[in-house]
Amino acid sequence: MCGIVGFAPVNENAPEVLKKMMERIAHRGPDGEGQYIDENVALGHRRLSIIDLAGGNQPMKTNHLVVVFNGEIYNYLELRKELEEKGHHFKTNSDTEVLLHGFEEYRYDIVNYLRGMFAFALYDTSTHELFCARDHFGIKPFYYYYDKEHLLFGSEIKSFLDHPDFKKELNTDVLDIYLKMNFVSGENTFFKNVKQLLPGHYFIYKDQKIEMKRYYSIQFADQYKSHQEMVEAIDQIMKDSVKHHLLADVEVGSFLSSGIDSSYLVSLARPQHTYTVGYNDERYNEIGYAKDLTQQLGIENKSKIISKEEYLNVLPKIMYHLDEPTADPAAVALYFVSELASHDVKVVLSGEGADEFFGGYNTYRGDIDSGFYGKIPFGIRHLISKICKHLPTVKGIPFLIRNGERVEDYYVGVNPVFSENDCKHLLRDTSHFHSHQEIVGDIFQNQGHATNIQKRQAFDLQTWFIKDILQKGDKMTMAHSIESRVPFTDKEVFHVASMLKDNQKVTPENTKVLLREAARKVIPNEAYKKKKLGFPVPLREWMREEDLYQKVYAGLQTPIIKKLFDDQKLISMLEDHKNQKHDYYKKIWTVYCFSLWHQVFFAEEYENQA
């Protein structure tokens, strides 16, 4: 796990500029640093030593190729053997060198041979081409700034702040997407001209031009097998994935909540150290469940209670590390559990991907939950839906709207916040609104004859999973210089999961149906059947208490909020929440987090931090 930066073109100040960019993300790699600069490109690397501690330094060179790489290639030993059989000679024992020899052998097709998490930039000194790629699902981040004259790239947007040709400008065009989804889907970000390289994509940069190509897409198979066959397939692939994800020359620990995902991983991996966080409110505390599991497995669990004061005080730092605003309360929990783990280990296992791959969200039960109403002819339900769109958003209306539309016409993920109607009444400028089709793009069109559940999964895997789940997982662990590994988020695991029937994922009684059956074989307690909590936080209650109420109130009165929003409507919503007239905490928190993030990156009083 590391941090990478780079830019083109270069001038006499390149070494100094590159050094500053690298220092900005030193938390991603405190164990070492390296540079490569020629007349065309500058490449920088900060290293967190995990594999081949002595020989894996970067930038790494072989013949006419140079690479900076962030991530882990879990099948590097298999690939190395294949490449050696083809005549390649290796100088190190690192997975990084496999990228260089693999590119020599397979050129751009090397990405299809890789199993792992990766973001890398590989420079060919003979052709002056820069080949940049990101892993299949987007576990590792890759941002780039391109204005036709300059290309900057890095693991984190904040590294661009130290480049003299970077123009830091707020991109308000994406604000309505953030309000609807709690993140900005697609390649755009809240910084103008800064994009993320999408998962399963690579680009070639040469002569100041970018050529983009997609090498992997989310597709569901139709090789349906019996329940027992699929449980066995899940069992085998998860054992294989965990085995590969444990490859390291340092100790590997694990995060542990009370649910099936992390409990399954811990039961398979049996790490010596596990880590859990919770809150004083027992409704939001998973520590007891985690202790029970680790006692039965005979391994250690360290835990921490997060106080409200700690939670609120760390928020500006959270926004800084995330690069973009997020209102996901679990980001803070991840920050503290990462801090806890960093005292003992450099690598942790984490359960991201199980819900998206195996059907863990209640929204995937939409067709089941519609019950009798879902049996009414679609034409009638669609007419009712159109009428309801013009009515106030009260209890029952969203159900009637949702069940009168096709999934592709309304679905914006597992955690929608503001409706389009809400945004129109709240934002002062509605000229940059994105239509639903502009937000979802071609995601649904590329799914062919997929079921509604598969369509939802495909959408979430290409939006929410990238910009919320994986992004906060990477940024919060790297804030404390540790590497998070996600054995569920593996292309071989997805190959198996993609074959599941709908009723092998969700039923009226439960979610992740067959994953629970497979986990049941190895989990010694009843965590395999526990309902999902997902780093729960008592924000709803805290926001009704005076201290947080005052903080949020002040955050809703900043110049940027007054400029972009009807701030009086926001204050009215906050007061209604405090007085328990309406449950507005999620909507208010979404705007408040945007306000905090903007202060960190754009307000003068925070300039030294950002």
Side-chain angles (χ1 to χ4, degrees), residues 136-138 177 180-186 198-200 217-222 224 230 261 328 351-371 373-374 378 381-382 385 398-420 434-470 488-489 493-516 531-532 534:
H136 304 73
F137 298 101
I177 301 177
K180 292 171 184 175
M181 304 180 75
N182 188 28
F183 54 86
V184 179
S185 64
L198 293 175
S217 59
I218 303 296
Q219 296 294 330
F220 291 90
D222 57 1
Y224 296 142
M230 288 309 303
D261 307 337
D328 189 339
E352 285 85 351
D355 291 313
E356 291 77 11
F357 283 21
F358 292 95
Y361 297 116
N362 285 327
T363 52
Y364 297 160
R365 298 165 59 177
D367 293 349
I368 296 172
D369 292 341
S370 63
Y373 189 75
F378 179 77
R381 286 185 282 123
H382 185 58
S385 174
F399 173 87
L400 296 174
I401 293 174
R402 185 173 61 250
N403 284 283
E405 294 182 311
R406 299 182 307 160
V407 169
E408 46 265 59
D409 292 333
Y410 75 85
Y411 192 69
V412 289
V414 301
N415 192 32
V417 187
F418 288 94
S419 69
E420 186 167 334
H434 294 80
S435 68
H436 180 74
Q437 185 55 48
E438 287 175 319
I439 293 175
V440 303
D442 59 2
I443 292 176
F444 291 116
Q445 295 174 9
N446 292 338
Q447 289 309 305
H449 299 290
T451 67
N452 283 343
I453 289 176
Q454 291 171 338
K455 288 176 182 178
R456 290 182 176 98
Q457 286 179 279
F459 184 85
D460 290 332
L461 281 166
Q462 295 172 78
T463 55
W464 152 268
F465 191 48
I466 305 164
K467 291 297 288 283
D468 185 295
I469 300 296
L470 292 176
F488 285 110
T489 309
V493 173
F494 182 73
H495 176 69
V496 171
S498 70
M499 294 189 240
L500 291 168
K501 302 176 187 177
D502 284 356
N503 66 359
Q504 293 173 333
K505 301 171 191 173
V506 298
T507 64
E509 295 75 33
N510 220 334
T511 60
K512 289 184 288 198
V513 176
L514 291 199
L515 181 67
R516 295 179 191 277
K531 292 190 180 297
K532 180 180 179 61

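The first residue of the sequence shown is numbered 1, and numbering continues consecutively from there. These numbers come from a predicted model, not from an experiment.
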Suppose we screen for side chain to side chain donor-acceptor pair (under 3.5 Å). Which residues come up paired with [X], at least two apart in sequence or across chains?
X	answer
Gln447	none
Asn503	none
Glu356	Tyr361, Trp464
Thr507	Glu509

* Asked: Which residues satisfy the side chain to side chain contact (heavy atoms under 4.5 Å, CB included) test with His382, sequence neighbours excluded?
  ->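 Testing His382 for side chain to side chain contact (heavy atoms under 4.5 Å, CB included), a comparison that skips the adjacent residues, returns Phe378, Lys386.
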
* With sequence neighbours left out, what residues match Phe399 under side chain to side chain contact (heavy atoms under 4.5 Å, CB included)? ->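 Expected list: Tyr373, Arg402, Asn403.
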
Can you tell me how far apart [atom1] ([X]) and [atom2] ([Y]) are? Round to the nearest 0.5 Å.
X	Y	atom1	atom2	answer
Asp261	Arg516	CG	CZ	8.0 Å
Asp328	Asp468	CG	CG	4.0 Å
Lys505	Leu514	NZ	CG	10.5 Å
Asp355	Leu515	CG	CG	9.0 Å
Ile177	Asn182	CD1	CG	13.0 Å
Leu500	Phe358	CG	CZ	6.5 Å

* So, does Gln504 use its side chain to make a donor-acceptor pair with the main chain of Lys501 at under 3.5 Å? ->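 Yes; judged by distance alone, with no hydrogens or angles, the pair exists.
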
* Is a side-chain donor or acceptor of Arg381 paired with a backbone partner of Glu405 at a separation under 3.5 angstrom? ->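 Not at all, since once roles are kept as given, no pair shorter than 3.5 Å links the two residues.
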
* To do: Name all residues meeting the salt bridge (charged side-chain N to carboxylate O under 4.0 Å, His left out) criterion together with Lys467; count only those two or more places apart in sequence or in a different chain, and write none if there are none.
  =>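 Partners of Lys467 by the salt bridge (charged side-chain N to carboxylate O under 4.0 Å, His left out) criterion, ordered by chain and then number, come out as Glu324.
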
* Report the residues that fulfil ring pair (Phe, Tyr, Trp, His ring centres under 6.0 Å) with Phe444, sequence neighbours left out, ordered by chain and then residue number. =>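 With sequence neighbours excluded, Phe444 shows a ring pair (Phe, Tyr, Trp, His ring centres under 6.0 Å) to Phe459, given in chain and number order.
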
* Asked: Looking at residues at least two apart in the chain, or sitting in another chain, which of them share a ring pair (Phe, Tyr, Trp, His ring centres under 6.0 Å) with Phe137?
  ->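 If we apply the ring pair (Phe, Tyr, Trp, His ring centres under 6.0 Å) test to Phe137, skipping adjacent residues, the hits are Tyr216, Phe357, Phe494.
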
Please report the shortest heavy-atom distance between [X] and [Y], naming the atom on each side.
X	Y	result
Ile466	Pro199	CD1-CG, 3.5 Å
Gln219	Asn446	NE2-O, 3.2 Å
Gln445	Gly441	NE2-O, 4.4 Å
Thr463	Ser185	CG2-CB, 3.9 Å
Thr489	Glu352	OG1-O, 2.8 Å

* Any pair counted as salt bridge (Lys or Arg N to Asp or Glu O under 4.0 Å), so long as it reaches residues 450-462, sequence neighbours left out ->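 Every pair satisfying salt bridge (Lys or Arg N to Asp or Glu O under 4.0 Å) with a residue in residues 450-462: Glu408-Lys455.
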
* To do: Please tell me if the side chains of Thr451 and Phe220 come closer than 4.5 Å, counting only heavy atoms from C-beta onward.
  =>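 The answer is no; the side chains never approach within 4.5 Å.
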
